[in-house]
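So the structure is just underneath, and the comments pick up after that.
Below, each value reflects all heavy atoms present in this structure, side chains not excepted, and no hydrogens, waters or symmetry copies. Predicted model, so just to flag it, every value in this text is computed and none were measured.
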Amino acid sequence: MSQQTLIWIASYPKSGNTWVRALLANYMLGTDKPLPLETIRSISHGDVPRPTYERLSGRPADQLDAEALMVTRHAHLKEIAAAAPNNFVKTHYPVGQIAGRAFIPPALTKSAIYVLRNPLDLVLSYADHWNTDHSMAGAQLAHARNTVALTHKTVPQFLGNWSDHVTSWTSGRAFSVAILRYEDLLVDTSAALAGALETIGLPVEPERVAQAVRFADFRELARQEAEGGFEERGSTQARFFREGRADQWRQDLDPAIAIRIRRDHGAVMQRFGYL
């Protein structure tokens with residue numbers, strides 16, 4: 001069997017990755033009622049689970065340097081690639097490499113969905129998730145070495161800056177990439193989901209698409225979280241699914257921070273219609 005079986009669900013953090021995975025889970029599994037939040041994990045693998053890295057490396061995660069992390073990452077991705085003909089994998093990594101090893105190995109990759117969001121709105125969710133202020137969050141989005149630190153659940157994740165991340169996934173890839181703007185998902189979720197499915201090489205069934213959109217409606221996801229919690233919620237967050245709307249920055253972001261974000265990311269924002 002070909003090892004090119006990985007279908008990445010990629011994004012900079014807080015861009016809508018979880019919503020897209022919920023849509024895909026409800027579409028792929030096609031049950032007659034909304035799937036529980038935790039069930040979305042059943043259709044997608046994580047690429048940074050700490051217990052798996054420790055099993056494969058035979059070492060505590062805090063003893064893994066960059067090269068050891070990448071060797072172990074590749075071993076983990078090979079295990080996933082061998083599991084089935086199509087394997088969804090969530091990632092916040094850009095396309096790039098370190099220690100001579102690709103973050104997103106072409107030899108294992110079939111296609112990808114890349115979710116992007118206006119950084120003026122993204123920065124609000126990013127700050128809330130990591131319990132920081134908007135100014136610091138904006139600085140992190142512009143930092144070339146921005147990285148999510150080791151936790152008890154995950155190994156470190158390299159992000160880089162927002163513009164470089166977006167460009168890495170949306171320019172000149174050797175595999176098919178469905179580019180989804182979060183804002184377009186809000187306007188016509190069915191059309192955005194159907195287009196993504198077609199691009200990544202999966203069949204499109206309109207009735208199942210419509211049902212998945214109903215079952216993964218933002219209000220439904222927020223209701224489930226309110227009733228039962230959600231494992232991906234940040235440790236200091238009141239809720240993971242916040243408001244789920246566009247242009248919130250106009251009311252909630254300091255104009256000086258908005259100016260700085262436009263300065264840092266203007267070229268890519270212009271390319272994707274955010275200026």
Side-chain angles (χ1 to χ4, degrees), residues 9-23 90-94 113-144 146 148 157 159-170 177-193 195-196 213 216-222 225-226 230 232-234 236-275:
I9 309 171
S11 69
Y12 210 85
K14 312 311 298 178
S15 298
N17 194 302
T18 302
W19 184 21
V20 170
R21 287 185 289 130
L23 287 163
K90 171 193 173 181
T91 190
H92 291 314
Y93 268 88
I113 296 172
Y114 185 73
V115 193
L116 71 151
R117 185 181 188 186
N118 187 340
L120 296 171
D121 280 328
L122 184 157
V123 73
L124 302 176
S125 293
Y126 189 101
D128 180 69
H129 187 81
W130 276 290
N131 192 31
T132 188
D133 60 47
H134 295 164
S135 179
M136 177 61 71
Q140 289 174 338
L141 262 61
H143 199 295
N146 191 21
V148 179
Q157 303 170 69
L159 306 177
N161 90 18
W162 180 85
S163 290
D164 291 343
H165 198 284
V166 173
T167 300
S168 78
W169 278 102
T170 61
V177 180
I179 302 170
L180 290 183
R181 293 196 330 155
Y182 183 83
E183 296 75 17
D184 296 333
L185 277 164
L186 290 172
V187 171
D188 192 339
T189 312
S190 293
L193 176 58
V213 170
D217 179 82
F218 198 88
R219 289 166 296 184
E220 169 63 22
L221 300 177
E225 182 190 7
F230 185 43
E232 294 184 18
R233 183 170 61 197
T236 61
Q237 277 187 296
R239 62 190 191 275
F240 184 92
F241 297 100
R242 297 170 71 241
E243 298 192 41
R245 60 186 175 91
D247 291 335
Q248 187 179 346
W249 68 270
R250 296 184 186 278
Q251 290 78 44
D252 296 345
L253 191 62
D254 186 314
I257 299 173
I259 289 170
R260 189 175 74 192
I261 289 173
R262 291 192 192 96
R263 180 199 67 203
D264 292 337
H265 306 292
V268 175
M269 291 178 71
Q270 181 73 42
R271 177 184 169 195
F272 288 99
Y274 292 136
L275 289 181

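- Rounding to the nearest 0.5 angstrom, the gap separating the CH2 atom in Trp130 from the CD atom in Gln140 is 8.5 Å.
- Side-chain contact of Thr167 with Arg271: a donor-acceptor pair under 3.5 Å is absent, judged by distance alone.
- Side-chain contact between Asn161 and Asp164 is present, with heavy atoms from C-beta onward closer than 4.5 Å.
- Listed here is the closest heavy atom pair of Pro119 and Tyr274: CD-CD1, 4.2 Å.
- Side-chain contact of Asn146 with Tyr12: a donor-acceptor pair under 3.5 Å is present, judged by distance alone.
- A heavy-atom distance below 4.5 Å is found between the side chains of Val213 and Leu23.
- Two residues are said to be in side-chain contact when any heavy atoms from C-beta on lie closer than 4.5 Å; Thr91 and Asn17 fail this criterion.
- Between Ile261 and Val123 the shortest heavy-atom distance is CD1-CG1, 3.9 Å.
- Taking all atoms of both residues into account, the shortest heavy-atom contact from Ala127 to His134 is CB-CD2, 3.6 Å.
- Counting all heavy atoms, side chain and backbone alike, Ala178 lies closest to Ala196 at CB-CA, 3.7 Å.
- Not one N or O on the side chain of Arg117 forms a donor-acceptor pair closer than 3.5 Å with the backbone of Gly16.
- Trp169 contributes a side-chain N or O that, together with a main-chain N or O of Tyr93, makes up a donor-acceptor pair within less than 3.5 Å.
- Closest approach of Leu116 and Glu183 over heavy atoms only: O-OE1, 4.1 Å.
- Without hydrogens or angle criteria, Arg181 side chain to Asn118 main chain gives no donor-acceptor distance under 3.5 Å.
- Contact check for Leu275 versus Arg262: side-chain heavy atoms found under the 4.5 Å cut-off.
- When all heavy atoms of Ala192 and Asp184 are compared, the closest pair comes out as CB-O, 4.5 Å.
- Counting heavy atoms from C-beta outward, Arg260 and Ser135 have side chains that approach closer than 4.5 Å.
- Atom CD1 in Ile259 sits 8.5 Å away from atom CG in Asp254 (nearest 0.5 Å).
- To the nearest 0.5 Å, atoms OG1 (Thr189) and CH2 (Trp19) are separated by 4.0 Å.
- Two residues are said to be in side-chain contact when any heavy atoms from C-beta on lie closer than 4.5 Å; Thr170 and Val177 fail this criterion.
- In terms of modelled atom types and a separation under 3.5 Å, the side chain of Asp121 and the main chain of Ala246 share no donor-acceptor contact.
- Proximity of a side-chain donor or acceptor of Asp252 to a complementary backbone N or O of Leu124 within less than 3.5 Å is not detected.
- Note that OG of Ser11 is 11.5 Å distant from OH of Tyr182, once rounded to the nearest 0.5 Å.
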*After noting the C-alpha distance and the side-chain angles of Met269 and Leu120, does the key distance pass the side chain to side chain contact (heavy atoms under 4.5 Å, CB included) rule?*
CA-CA 10 Å; Met269 291 178 71; Leu120 296 171; 3.9 Å; yes
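- Atoms CG and CG, from Leu141 and Leu159 in turn, are 9.0 Å apart once rounded to the nearest 0.5 Å.
- A distance below 6.0 Å separates the ring centres of His165 and Tyr114.
- With rounding to the nearest 0.5 Å, the separation of CD1 in Ile9 from NZ in Lys90 is 9.5 Å.
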